[in-house]
Amino acid sequence: MTEMSTSPKRWNVGLVGYGEVGRILAEDLRKQDVQVAAYDLKLGTDQAGALRDHAAAHGVALAAGHADLAAQADFIVSAVTASQAVPVAQACAPTVKAGTWFLDFNSASPGAKRRAADLIDGNGGRYVEGAVMTSIPPTRIKVPLLLGGAGAAALAPLLVELGFNAKVASEQLGVASAVKMCRSVMIKGLEAMVIESFTTARAYGVEDAVLASLQETFPGIDWEKQGAYFFQRVIEHGRRRSEEVLEVAETVREAGLTPWSAQGTAERQAWVADLADEGLFGPKGTEAFARSADWRVEADRILATVKPKD
């Protein structure tokens, strides 16, 4: 066995994507003195300052590009937007070292995961798909993670040693992603439905009656609190969620069905993201952005932009 496979805490870890997920993983790995490098396309934009500040504060090296990061990493985590899952694999593949693990964290369809795997495995790397099964911020590196692919069983105990909560779903690529994608039909769809239902109810002045009815039917859910949380997450991450649900829709198509629900969810998530980009919910990057504990505040902002039909 090689040192890389027996001593994961001595790996050089490369993070592709230094957004919310990448920064959380970097922080939790650096607390264990694991060497971490990162690359993000935003390093070439006016948003680079915050990323560089975070990297400096936590001892994370910043790579010059995908090829540079892949050339030095023993373990690569791809945590980007869903549409970039295959392009990232394509960008890393030419310089990936023989035997390097490539964990695809992205919410992409089973077909996309298989295309990414062909690129990495075809250049000597070891591709494993990872399906993140709930929101990352509350549980951080301990977020439930399903693994898939021929190398999943070998990688799982190494990830556990690094602090991940990883379990093998299948040796067949696409199974873990299918679990994630089918779950997202419900979870991301529920977010979109809550925003549509609650905002419409607010427009008619019947929100209290609607929430009371929901509480009676589903007493295990605090609909006020859940509604505020859904509004917060979609306002802050609607763009990423929309891209994910487009992959969900592709997953449904790959099964031979028409993704009516998923397509509508993607459109609603993107619509909220457009409003956020226009500044409707306040300046991005501030502490107050997407943090209102009262969903009515955000619903009223939305309603101020629309014109009811007579």
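Everything numeric here is computed off the predicted structure, so don't read it as measured data. We're numbering straight along the sequence, starting at 1.
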Donor-acceptor contacts, no H, no angles, side chain residues 76-87, under 3.5 Å, sequence neighbours left out:
| unit_1 | atom_1 | unit_2 | atom_2 | d |
| --- | --- | --- | --- | --- |
| Ser78 | OG | Asn106 | ND2 | 2.9 |
| Thr81 | OG1 | Glu243 | OE1 | 3.1 |
| Ser83 | OG | Glu243 | OE1 | 2.7 |

Report task. Would you please name every residue forming a side-chain contact (heavy atoms from CB on, under 4.5 Å) with Asp277, sequence neighbours left out? Result -> Arg239, Lys284

Query raised in the report: Do the rings of Trp11 and Phe75 sit parallel, tilted or perpendicular, given the 30° and 60° boundaries?
Result: tilted

Query raised in the report: Out of curiosity, Lys97 NZ to Asn123 CG, how far, rounded to the nearest 0.5 Å?
Result: 15.0 Å

**Report entry** Greater than 12 external heavy atoms within 6.0 Å of Gln215's CD
**Finding:** yes

**Report entry** Close side-chain approach of Ser292 to Gln232, heavy-atom, < 4.5 Å
**Finding:** no

Query - Test log, rule salt bridge (Lys or Arg N to Asp or Glu O under 4.0 Å), inputs Arg114 and Asp121 - result: CA-CA 10 Å; Arg114 287 191 285 268; Asp121 293 345; over 6 Å; no

Query - Gap between atom NZ of Lys9 and atom CD of Gln35 - 0.5 Å precision - result: 13.5 Å

Mind listing the side-chain donor-acceptor pairs of residues 265-273 below 3.5 Å, one per line with the distance, residues two or more places apart or on another chain?
| unit_1 | atom_1 | unit_2 | atom_2 | d |
| --- | --- | --- | --- | --- |
| Thr265 | OG1 | Ser261 | O | 3.1 |
| Arg268 | NE | Glu196 | OE1 | 3.2 |
| Arg268 | NH2 | Glu196 | OE1 | 2.6 |
| Gln269 | NE2 | Lys188 | O | 3.4 |
| Gln269 | NE2 | Glu191 | OE1 | 3.0 |

Query raised in the report: Measuring from Leu173:CG to Lys113:NZ, what's the distance to the nearest 0.5 Å?
Result: 9.0 Å

Query raised in the report: What residues form a side chain to side chain donor-acceptor pair (under 3.5 Å) with Glu298, not counting sequence neighbours?
Result: Arg301

Let me check something: any side-chain donor-acceptor pairs from residues 130-158 under 3.5 Å, sequence neighbours excluded? List them with distances.
| unit_1 | atom_1 | unit_2 | atom_2 | d |
| --- | --- | --- | --- | --- |
| Arg140 | NE | Asp28 | OD1 | 3.1 |
| Arg140 | NE | Asp28 | OD2 | 3.4 |
| Arg140 | NH2 | Glu27 | OE1 | 2.6 |
| Arg140 | NH2 | Asp28 | OD1 | 3.0 |
| Lys142 | NZ | Gly163 | O | 3.4 |

Query raised in the report: Is the closest side-chain donor-acceptor distance between Glu224 and Trp295 under 3.5 Å?
Result: yes

Report task. Check whether Ile221 and Val234 end up in the same hydrophobic cluster, where Ile, Leu, Val, Met, Phe, Trp and Tyr are linked by side-chain heavy atoms less than 4.5 Å apart. Result -> yes

Query - OG on Ser109 to CZ on Arg253, rounded to 0.5 Å - result: 10.0 Å

**Report entry** Rounded distance (nearest 0.5 Å) linking atom NE2 of His58 with atom CZ of Arg30
**Finding:** 10.0 Å

Query raised in the report: Is there side-chain contact between Leu103 and Phe105, with at least one heavy-atom pair below 4.5 Å?
Result: yes

Query - Gap between atom CZ of Phe198 and atom CZ of Phe231 - 0.5 Å precision - result: 7.5 Å

Query - Qualifying residues under side-chain contact (heavy atoms from CB on, under 4.5 Å), relative to Thr45, sequence neighbours excluded - result: Lys42, Gln47

